[in-house]
Protein chains: 2
Amino acid sequence: MRRNTTQRMAIEKVFKQHERPLGVDEVLEYGRSFVESLNQATVYRNLKLLVEDGWLKRISHPSLGTLYERTGRAHHHHFHCRECNRAFELPGCALKEDAAPDGFIVEDHEIFLFGVCPSCSGVAE
Amino acid sequence: MRRNTTQRMAIEKVFKQHERPLGVDEVLEYGRSFVESLNQATVYRNLKLLVEDGWLKRISHPSLGTLYERTGRAHHHHFHCRECNRAFELPGCALKEDAAPDGFIVEDHEIFLFGVCPSCSGVAE
DNA sequence: TCGCTAATGCGAATGCATTTGCATAAATGT
DNA sequence: ACATTTATGCAAATGCATTCGCATTAGCGA
């Protein structure tokens, strides 16, 4: 059966601590603050497990590549800051009703915003 | 100087004929109807040239990967049909004004819709 | 605490899209 | 039509994210 390893617990802690979508490199970097020896392959293995468990969701970002975020959150979209290169979760939905012309059956959608985040724009200190 | 090869002209014709974002494989397939011997490397080389010329634009689709589309078109978004697996261009913008919370400076955005296209849903015959 | 075996760390290996080297083919100026 | 030289087709090579093999480590039940 599955064992509770310190590395997987560290990875979960990383996601609890940073409430935003994270890439493999970020998980590795932040995870190493908990388990210094944390290895990339281990990160990959555990991300896969956590996705299978339904604890994480994999998303494909047009400029950041594969990101992982916690499941169970309300519908939202993503913001990518060109300064700090981080992805943020934006609450709510910014899609208009008449998104597609007649004939197109819209079942799902994804919105990616690009710009500068509060902490990089200096609005938040 | 640059020569006007039949293969590049074929590739341009493909984009003029199909007014939708195309992947490398699609360009190759459609292009071969004009130049039977068309090679994948040639497609890559010419797509790069056409992007440099500003005649094409490269977009990164979350599920279809890299696509190319003609430049100069009005602002629009993309629809991906899960039946025929093609990408379509949707005219207009479906983004609400208040897309991001205060503090986020939105400079650009991309919207991807998923569902079934008219020709696959049977609405259009 | 001991024993079993899943999980880790490491480096090598894979799969994939994309690029490149090179001999040959085909545009273009003359 | 010829000579020049860019572009092609082909296959091998690259770069990248991701996976795997294997010896070792470390959870966890007894």
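Naming convention: chains lettered A, B, ... in sequence-line order (proteins, then strands); numbering from 1 in each chain.
Under the 3.5 Å distance criterion, with hydrogens and angles disregarded, a donor-acceptor pair is assigned to the side chains of A:H76 and A:E69. Side-chain contact, B:H109 with A:H77: no donor N or O sits under 3.5 Å from an acceptor N or O.
Of the possible donor and acceptor atoms, one in the side chain of B:T71 sits under 3.5 Å from a partner among the backbone N and O of B:G54.
Contact annotation: side chain of A:R3 to base of D:dG29, donor-acceptor pair absent below 3.5 Å.
As rounded to whole Å, 12 Å separates atom C1' of D:dT18 from atom CG of A:D25. Rounded to a whole Å, the CZ atom of B:R32 is 14 Å from the P atom of D:dT8. Atom CE of A:M9 and atom P of D:dA26 are 15 Å apart (whole Å). At whole-Å resolution of the value, CG in A:L64 and P in D:dA17 are 12 Å apart. Whole-Å rounding puts the A:N46 CG to D:dG27 P distance at 13 Å. Between A:M1 atom CE and D:dG27 atom C1' there is a gap of 7 Å when expressed in whole angstrom units. Here D:dA7 presents its P atom at 12 Å from CG of B:L50, a figure rounded to the nearest Å. The nearest whole Å value for the distance from the CG atom in B:N4 to the C1' atom in D:dT6 is 12 Å.
Contact between the side-chain N/O atoms of B:T42 and the OP1/OP2 oxygens of D:dA7 is not found at any separation under 4.0 Å. An OP1 or OP2 oxygen of D:dG9 is reached within less than 4.0 angstrom by a side-chain nitrogen or oxygen of B:S37.
For A:K48, the listed nucleotide lying nearest its side chain is D:dT19; candidates were D:dC28, D:dT8, D:dT19. The side chain of A:T66 sits closest to D:dT18 out of D:dT18, D:dG27, D:dT8.
Of all nucleotides in DNA chain C, those with any atom nearer than 4.0 Å to a heavy atom of chain B start and finish, going 5' to 3', at C:dA17 to C:dT28.
The 5' end of DNA chain C is approached more closely, in terms of each residue's nearest nucleotide, by B:V24 than by the other of B:T6 and B:V24.
Using cut-offs of 30° and 60° on the angle between ring planes, the pair B:Y30 and B:H18 is parallel. In this structure, B:W55 and B:F15 have perpendicular ring planes: the angle between them is above 60°, well past the 30° mark.
Heavy atoms of B:R2 sit under 4.0 angstrom from primed sugar atoms or phosphate atoms, though from no base atom.
Geometric assessment of A:K57 against the ring of A:Y68 yields a negative cation-pi assignment under the 6.0 Å and 45° thresholds.
A salt bridge between A:R86 and A:E26 is absent, with no side-chain N of the basic residue lying under 4.0 Å from a carboxylate O of the acidic one.
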